[in-house]
Protein chains: 2
Amino acid sequence: MPVGLNDQEIQVLGDVVSHKRKIQRGGYLHRTGSSFQSLFAIRSGFLKTCVLEEDGRQQVTGFHMTGELLGLDAISTETHTCDAIALEDSEVCEIPFAKLEEISRTIPSLMRHFHKIMSREIVRDHGVMLLLGSMKAEERLASFLLNLSRRFLMRGYSESEFNLRMTREEIGSYLGLKLETVSRAFSKLQDENIITVDNKRIQINDIARLRLKMGNSSCIT
Amino acid sequence: MPVGLNDQEIQVLGDVVSHKRKIQRGGYLHRTGSSFQSLFAIRSGFLKTCVLEEDGRQQVTGFHMTGELLGLDAISTETHTCDAIALEDSEVCEIPFAKLEEISRTIPSLMRHFHKIMSREIVRDHGVMLLLGSMKAEERLASFLLNLSRRFLMRGYSESEFNLRMTREEIGSYLGLKLETVSRAFSKLQDENIITVDNKRIQINDIARLRLKMGNSSCIT
DNA sequence: CGCGATTTTGACGGCACTCAAGCGCCGTGG
DNA sequence: CCACGGCGCTTGAGTGCCGTCAAAATCGCG
C-alpha cells in the first residue's frame, strides 16, 4: 500500500504492523471517545467514518476503501473523534502509532510518506467543504460518483460499473442531503441516460457528461 | 507557539525558522500552484485561505490567526492547493519543511507535536463539514461567532467583543451561504438581543443563548 | 411467503438564493 | 469643504431548490 518505499523499508514497516483485525459488516473498528493507540490500514473491505450529533443522528465524514489509512483524526487528542463502522466484512492492519513514529525517525522516506498521507487527507476534506458549500444536489452526487469511480479504477476495478456499499441515507449524510433528494438525483441522472441505477448497482454510461454535471473540476480524493 | 516543547527544543526550532515575512493587507502569502518549500507560522495578523473555482469565484476554506500554521495542505503534492491572503497586515515565520522534518527526527516531542497539529486540522475540517452538511444559516453563523470568540479568548482578547476582519461575502463563502443570508442572520441575532452588530464590530451579549442557537455541541476549532 | 428495511415518487412548504433598491462609510477630486 | 462615486452592507420581494411528510414499490432475508 504505501507507495514510494523500497523493499527494505516496507519490510521494516511490516514489522510494525502488529496484527490484522477482521471486522464484520456493521461492526465497529473504533468508537468516538475510545483511546487512540493505533492507526488502521484497510486491507480489504469498505468502512464509513461518522460523527454522532447530540440528537442521535449521525453525519458521515468519509467512506474508506482498501489501502486507506484510518485514525488520523485521533492523533491530536489521543482519542478517536469519530466512529468507524464496516459497511461490508473488512480486514485492517493495526499500526501502533508510537512505533510508527519511532521507526519513521530512522526512515526519512517513511516519515515523508506519512506526512503526505495526512496532508492529502486535509486536501480531501477541503474538497468536500467546497462540495458542501457551493454545489447543488445533482452536482454533489455527480462528484461523489466520479470520486468512487476513480478510486475503484485505481484499485483495478471497473470505473464504469460498481456496487454501492452504503445506503441512500449514508450518501445523503455525507453529501449534506436528505435521502429522498439523493434518490431523486439518481433518478434524474438515469432519466438523462448518464447513469443506470439498479438499486445499489451503478453503471456510468457517459462519464464525460457526468463530469459536466459537476461544473467544478476539483475532484475529491 | 508550539506548546509542549522545552526550552532547548524551542531554541532548536528557532534555528529552523529561517526568516520572517511581512504581508500587507490584501497581499498573498502563497498562491495555488506555487511550489511548496515551507510552512508558515503566523506571528501576527489575520489571513484567509481559499480555493479558486474554475468560474472565477472563490471558496474560503479557513480564517487563520496568530499562532496557527499554514501550508499543511501543500505537503501532499509539494504544491500549494489554495491561496493564502492577508486580511490585515500580517507577519509570518517561514519554516522550511525539509528542515522541520530533519530536526523532528532528533526531537520526538517536536515530531509528535507536529503530528498533532496536522491531526487537529483534520478534526477541524470535519467540524466544518458537519456545519456545512447539516446546519441552517443561523446555526452556522452562531457556530462561526463562537469559534472566533473562543480563539480570541485563547489569545488574550475579549471573547465578547471583537472586530471581524473579513467581509460578509467571505463569511458567506466560508459558511456556504450568500452574503445577503449572512447579513440577515446577523440582523436576526441582533433583533433577539443575542449580539450587537455595528458593521464589522461584533458584541456578544448573551453567549449562552448564542450557544443554544447552535444545537450542535461540536465546536469547530 | 411475509415482514422489515430500503428506495422511489408525489405533494407541499420553507429556507435560502436571486434580483433589486437604498443606505452608510470613506477616499478622491473638484 | 463638499460633491461624488465606489464598495460593503442591509433590507425587501419573489422564486426555486431541497426538506418534510406520506404512500407505495421493491429488496433482502429468514
Side-chain angles (χ1 to χ4, degrees), chain A residues 24-26 48 53 55 57-60 85 87-89 131-145 163-192 195-203 213-215, chain B residues 25-26 48 53 55 57-60 85 87-88 131-145 163-192 195-203 213-215:
Chain A
Q24 60 184 7
R25 179 182 165 142
K48 71 171 176 182
E53 307 189 30
D55 58 6
R57 278 195 57 258
Q58 60 181 27
Q59 160 100 6
V60 174
I85 300 172
L87 295 179
E88 62 182 30
D89 291 354
L131 178 147
L132 292 172
S134 63
M135 288 188 187
K136 294 187 192 302
E138 194 176 296
E139 297 170 329
R140 296 185 197 191
L141 188 62
S143 179
F144 173 71
L145 289 175
N163 278 307
L164 298 176
R165 269 69 169 186
M166 69 295 281
T167 66
R168 301 288 190 265
E169 184 169 20
E170 287 163 336
I171 295 172
S173 175
Y174 181 62
L175 297 178
L177 302 168
K178 292 294 154 185
L179 69 94
E180 296 95 328
T181 304
V182 173
S183 178
R184 274 183 246 274
F186 268 125
S187 299
K188 179 135 185 293
L189 288 175
Q190 182 165 234
D191 289 345
E192 301 180 58
I195 64 174
T196 303
V197 184
D198 176 20
N199 203 358
K200 302 235 196 248
R201 182 125 207 105
I202 302 293
Q203 189 177 330
K213 282 291 171 184
M214 175 191 66
Chain B
R25 179 181 165 144
K48 71 171 175 180
E53 308 188 30
D55 59 3
R57 279 195 56 257
Q58 59 180 26
Q59 160 100 7
V60 174
I85 300 173
L87 295 179
E88 62 181 33
L131 178 148
L132 293 172
S134 64
M135 288 190 188
K136 294 185 192 301
E138 194 176 292
E139 297 170 330
R140 297 185 197 191
L141 188 63
S143 179
F144 174 71
L145 290 175
N163 278 308
L164 297 176
R165 267 68 169 189
M166 70 296 283
T167 66
R168 301 289 190 265
E169 185 168 19
E170 287 163 335
I171 296 172
S173 175
Y174 180 63
L175 297 179
L177 302 169
K178 293 294 155 186
L179 69 93
E180 296 95 328
T181 305
V182 173
S183 180
R184 274 182 244 274
F186 269 126
S187 299
K188 179 135 186 292
L189 288 176
Q190 182 165 236
D191 289 346
E192 301 180 59
I195 64 174
T196 303
V197 183
D198 177 20
N199 204 355
K200 302 235 195 241
R201 183 125 207 107
I202 301 293
Q203 190 177 329
K213 282 292 170 182
M214 176 193 66

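Naming convention: chains lettered A, B, ... in sequence-line order (proteins, then strands); numbering from 1 in each chain. Since we're looking at a predicted model, the values are computed, not measured.
- Side-chain atoms of A:Arg168 never come within 3.5 Å of backbone atoms of A:Leu179 as a donor-acceptor pair (strictly under, hydrogens ignored).
- Using five terminal pairs a side, the axes of the helix from C:dC1-D:dG30 to C:dG30-D:dC1 at its two ends make an angle of 30°, given in steps of 10 degrees.
- Applying the salt bridge (charged side-chain N to carboxylate O under 4.0 Å, His left out) criterion to A:Arg201, with sequence neighbours excluded, gives A:Glu161.
- Applying the salt bridge (charged side-chain N to carboxylate O under 4.0 Å, His left out) test to A:Lys136 and every residue at least two apart in sequence or in another chain returns nothing.
- Partners of A:Ser187 under the side-chain hydrogen bond (donor to acceptor under 3.5 Å, both in side chains) rule, at least two apart in sequence or in another chain, do not exist in this structure.
- Within the 4.0 angstrom heavy-atom criterion, only backbone atoms of the sugar-phosphate kind lie near B:Lys200; the bases stay farther away.
- By the side chain to side chain contact (heavy atoms under 4.5 Å, CB included) test, B:Thr181 pairs with B:Ala137, B:Leu177, B:Lys178, sequence neighbours left out.
- One distance of note links CG of B:Asn163 with NZ of B:Lys200; it measures 9.5 Å at 0.5 Å rounding.
- Between A:Asn163 atom CG and D:dC27 atom P there is a gap of 14 Å when expressed in whole angstrom units.
- The closest side-chain heavy-atom distance from B:Gln203 to B:Ile195 is not below 4.5 Å.
- The line from CG of B:Leu145 to CD1 of B:Ile202 is 6.0 Å long, rounded to the nearest 0.5 Å.
- Taking 4.0 Å as the cutoff to heavy atoms of chain B, we find the contact window on DNA chain C bounded by C:dA16 to C:dC19.
- The salt bridge (charged side-chain N to carboxylate O under 4.0 Å, His left out) search around A:Glu138 returns A:Lys188, A:Lys213, not counting sequence neighbours.
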**Message:** Within the 4.0 Å limit for protein heavy atoms, which parts of nucleotides 10-22 of chain D are touched? Write it as a string from 5' to 3', B for base, S for sugar-phosphate only, - for none.
**Reply:** BBBB----SSBB-
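- Legend: residues meeting salt bridge (charged side-chain N to carboxylate O under 4.0 Å, His left out) with A:Glu88, ordered by chain and number and at least two apart, are A:Arg165.
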